Each structure stands twice: as structure tokens, then as C-alpha cells.
Amino acid sequence: MVATINPTIEFNFSSFDRNVNTTTTNGSAFSDNLDMVIRLALIVILFITMLSLGCTMEISKIKHHLTKPKGVAIAVGAQFGIMPLTAFCLARLFQLGPMETLAVLICGCCPGGNLSNIFALALQGDMNLSVVMTTCSTALGLGMMPLLLYLYSQGFSNLVQYVPFTGITVALIMILVPCGIGVLINYRVPQYSKIIIQVGLMLMLISCVAIGVLAGIFDGGKLFTVLSPQLIATAALMPLIGFTCGYILSTLFRMNAPYRQTYCFCGGRLSEHPTVFHNPEGGLPS
């Protein structure tokens with residue numbers, strides 16, 4: 001028996017498929033355009049924020065931290081010593097899968113980010129030390145990340161290709177350039193520094209709220225469907241352990257209160273570079 005299909009029904013199904021494909025394509029294009037707009041907006045906001053942070057810095061204090069790098073050495077030791085070991089231990093403790101383990105190790109081995117500078121400013125930490133530490137750790141991360149990944153991930157091959165060299169280099173530029181301009185403004189025309197700081201922090205606060213709302217609307221709760229409970233627990237414990245160890249380490253070295261607060265966020269590794277986050281599709285980080 002030969003089955004026949006009504007031409008009208010076949011035409012309707014073809015039209016339906018074309019409409020679905022067109023809608024999917026349009027939705028994907030809209031999502032890509034929105035993602036590009038958000039990325040560009042984040043770059044501008046980050047530049048302005050780091051510019052405002054640079055206005056809180058003084059050339060004499062920067063020279064002090066560079067000529068007597070005891071504080072920077074402690075911070076670098078914490079970032080590339082405590083955090084990779086913490087990531088490795090948590091991955092073993094929660095028995096994460098291979099891809100999850102790799103993502104956690106990459107996050108643990110990457111250098112600190114700009115969010116630690118913002119939190120250090122909010123809690124009245126030493127901004128000069130915070131930015132100098134972030135700059136040094138980011139520069140060292142170009143070499144330390146492949147080395148640490150090699151040491152902690154013997155079961156994986158060709159990991160160097162997944163180290164975000166471009167992302168780290170861009171992060172380094174996004175620290176040095178705006179902060180340098182901010183330091184120059186604070187040195188030449190200090191009367192404008194407070195205005196720039198207030199505008200930068202207010203813009204950062206508004207952008208964080210806006211991005212959080214957009215992420216909640218467009219993600220629709222998908223984040224928690226692709227993350228396992230073990231991975232969520234690891235993501236929560238890693239910064240907490242970093243905060244605690246950073247504060248204890250600075251206390252043992254008898255640092256003052258602003259230094260201890262700065263080391264706390266430095267050890268907690270705020271924030272990671274976006275290029276090394278876990279890939280929800282299950283593949284290697286991009």
C-alpha cells in the first residue's frame with residue numbers, strides 16, 4: 001500500500017517549518033545583537049569604573065608598593081598558591097566530572113579581576129595596593145596559568161590552548177590604561193577626582209542592576225538547569241575560602257585593617273575573567 005499526502009497538508013507543514021526556522025533565526029540574530037550590545041556596554045562601563053578607581057590612587061603610594069613589594073608578593077602567593085589548591089581540593093571532594101573539574105581548575109588558576117578593586121574601594125581598602133596587585137597578578141597570569149594547569153591537570157592534554165591569553169591581555173590593558181589616566185587626573189587636577197569617582201561608581205551600580213534584570217529576563221532560569229549542585233557548591237565555597245585565607249594570611253603578617261580588607265578580596269579572586277567560565281553546552285571553556 002502506498003501512502004499519499006494531501007498537497008494542502010504538505011504545503012501547510014512546509015509553511016510551518018519555514019516560519020519556525022525563520023523565527024528561530026530571527027531570535028538567534030536578536031540574541032547575538034543583544035549580546036554584542038551588552039559586551040560593548042560592559043567595556044565602556046568597565047573603562048569608566050577603572051578610570052574612577054584610578055582617581056583614588058597616588059603616585060607616591062604606587063611607588064612604595066613597587067619598590068617594597070612585600071604586600072604584592074603575599075598577594076601573588078595567595079592568588080597562585082591558595083586558589084589553585086582550593087579548586088583542586090574542591091573538585092576532588094565533590095567528585096566533579098572531567099569538564100566541570102577543568103572549568104573549576106581554570107577559574108582557580110586565573111588571575112584576579114576588576115571586581116576585587118571595586119569591593120576594596122567599597123570597604124575602604126587600600127586602592128593603590130589593590131590595583132597594583134591586580135595588575136601584577138594579571139601580567140603573571142600569562143605564564144602562571146599554563147604552568148598551574150599543567151601541574152594540577154595531568155589527566156588532560158593540550159590544556160594550554162584553552163588558556164585565555166587574549167582575555168588576560170585585554171584585562172591587563174583595561175586595568176593599566178584607564179587607571180593610568182585616573183592617576184594622571186588625580187595628580188594634575190585633583191579637584192575633579194571626587195566627581196569622577198562618584199559618577200563612575202553610580203554608573204557601575206546602575207549597570208549591575210540593569211544587567212542583572214536583563215540576565216534574569218532572557219535566561220529564564222536556564223542557568224540552574226545546566227549546573228549541578230556540586231558545581232554550585234564549589235562556586236560558593238571557592239571565594240569564601242579565598243576571603244578567609246586572604247584575611248588570615250594578612251593578619252599573620254600583621255597588616256593594618258585596609259590591607260587586610262584588600263587581601264581578603266584579592267584572595268577571593270573577584271572577579272574571574274569571563275572567557276574561562278564553564279561552558280553550559282558541556283564542552284571545553286572557550
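Counting from 1, the numbers follow the sequence of the chain as shown. None of these values were measured; they are calculated from a predicted model.
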Taking [X] for the side chain and [Y] for the main chain, is one N or O donor matched with an acceptor at less than 3.5 Å?
| X | Y | result |
| --- | --- | --- |
| Thr234 | Gln230 | yes |
| Asn186 | Met57 | yes |
| Thr101 | Leu96 | yes |

Subject >> Intermediate values then yes/no, side-chain contact (heavy atoms from CB on, under 4.5 Å), Met133 and Val76 >> reply: CA-CA 7 Å; Met133 286 191 307; Val76 170; over 6 Å; no
**OP:** Verify side-chain contact (heavy atoms from CB on, under 4.5 Å) between Leu203 and Thr49, making sure each step is shown before the conclusion.
**Re:** CA-CA 8 Å; Leu203 179 62; Thr49 303; 6.0 Å; no
Honestly curious: do [X] and [Y] fall in one hydrophobic cluster under the side-chain, below-4.5 Å linking rule?
| X | Y | answer |
| --- | --- | --- |
| Tyr187 | Ile196 | yes |
| Ile195 | Ile206 | no |
| Leu201 | Ile48 | no |
| Leu249 | Tyr247 | no |
| Val44 | Leu46 | no |

Mind checking the [atom1]-[atom2] spacing from [X] to [Y]? Nearest 0.5 Å is all I need.
| X | Y | atom1 | atom2 | answer |
| --- | --- | --- | --- | --- |
| Ser52 | Ile181 | OG | CD1 | 12.0 Å |
| Leu105 | Cys109 | CG | SG | 6.0 Å |
| Ile45 | Leu40 | CD1 | CG | 11.0 Å |
| Ser130 | His65 | OG | NE2 | 10.0 Å |
| Leu240 | Thr86 | CG | OG1 | 10.5 Å |
| Ser207 | Met202 | OG | CE | 11.5 Å |

Original post:
Is Leu42 close to Phe47 at the side-chain level, that is, under 4.5 Å between some pair of heavy atoms?
Top reply: no
**OP:** Find out whether Val104 and Leu231 are in side-chain contact, i.e. whether some heavy atom of one side chain is under 4.5 Å from a heavy atom of the other.
**Re:**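 Result yes, sub-4.5 Å side-chain heavy-atom pair found.
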For [X] against [Y], the heavy-atom pair lying closest together:
| X | Y | value |
| --- | --- | --- |
| Pro111 | Met145 | CD-SD, 3.8 Å |
| Met83 | Gly242 | SD-CA, 3.8 Å |
| Met238 | Gly108 | CE-CA, 3.8 Å |

**OP:** Verify the neighbour count for atom CD of Gln95: are there more than 12 heavy atoms of other residues, nucleotides or ligands below 6.0 Å?
**Re:**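 Count not over threshold, so no.
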Subject >> Stepwise side-chain contact (heavy atoms from CB on, under 4.5 Å) check, Val132 with Lys61 >> reply: CA-CA 10 Å; Val132 170; Lys61 293 183 179 180; over 6 Å; no
**OP:** Enumerate the residue pairs fulfilling ring-ring contact (aromatic ring centres under 6.0 Å, His included) with a member in residues 81-117, sequence neighbours excluded, ordered by first and then second residue.
**Re:**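 ring-ring contact (aromatic ring centres under 6.0 Å, His included) check on residues 81-117 returns Phe88-Tyr152.
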Original post:
So Met50 and Leu53, side-chain contact (heavy atoms from CB on, under 4.5 Å) or not? Walk me through it.
Top reply: CA-CA 5 Å; Met50 294 308 297; Leu53 294 180; 3.7 Å; yes
Please tabulate, for side-chain N and O atoms in residues 164-180, each donor-acceptor pair with protein atoms closer than 3.5 Å (sequence neighbours left out).
| residue | atom | partner | partner atom | Å |
| --- | --- | --- | --- | --- |
| Thr169 | OG1 | Phe165 | O | 2.8 |

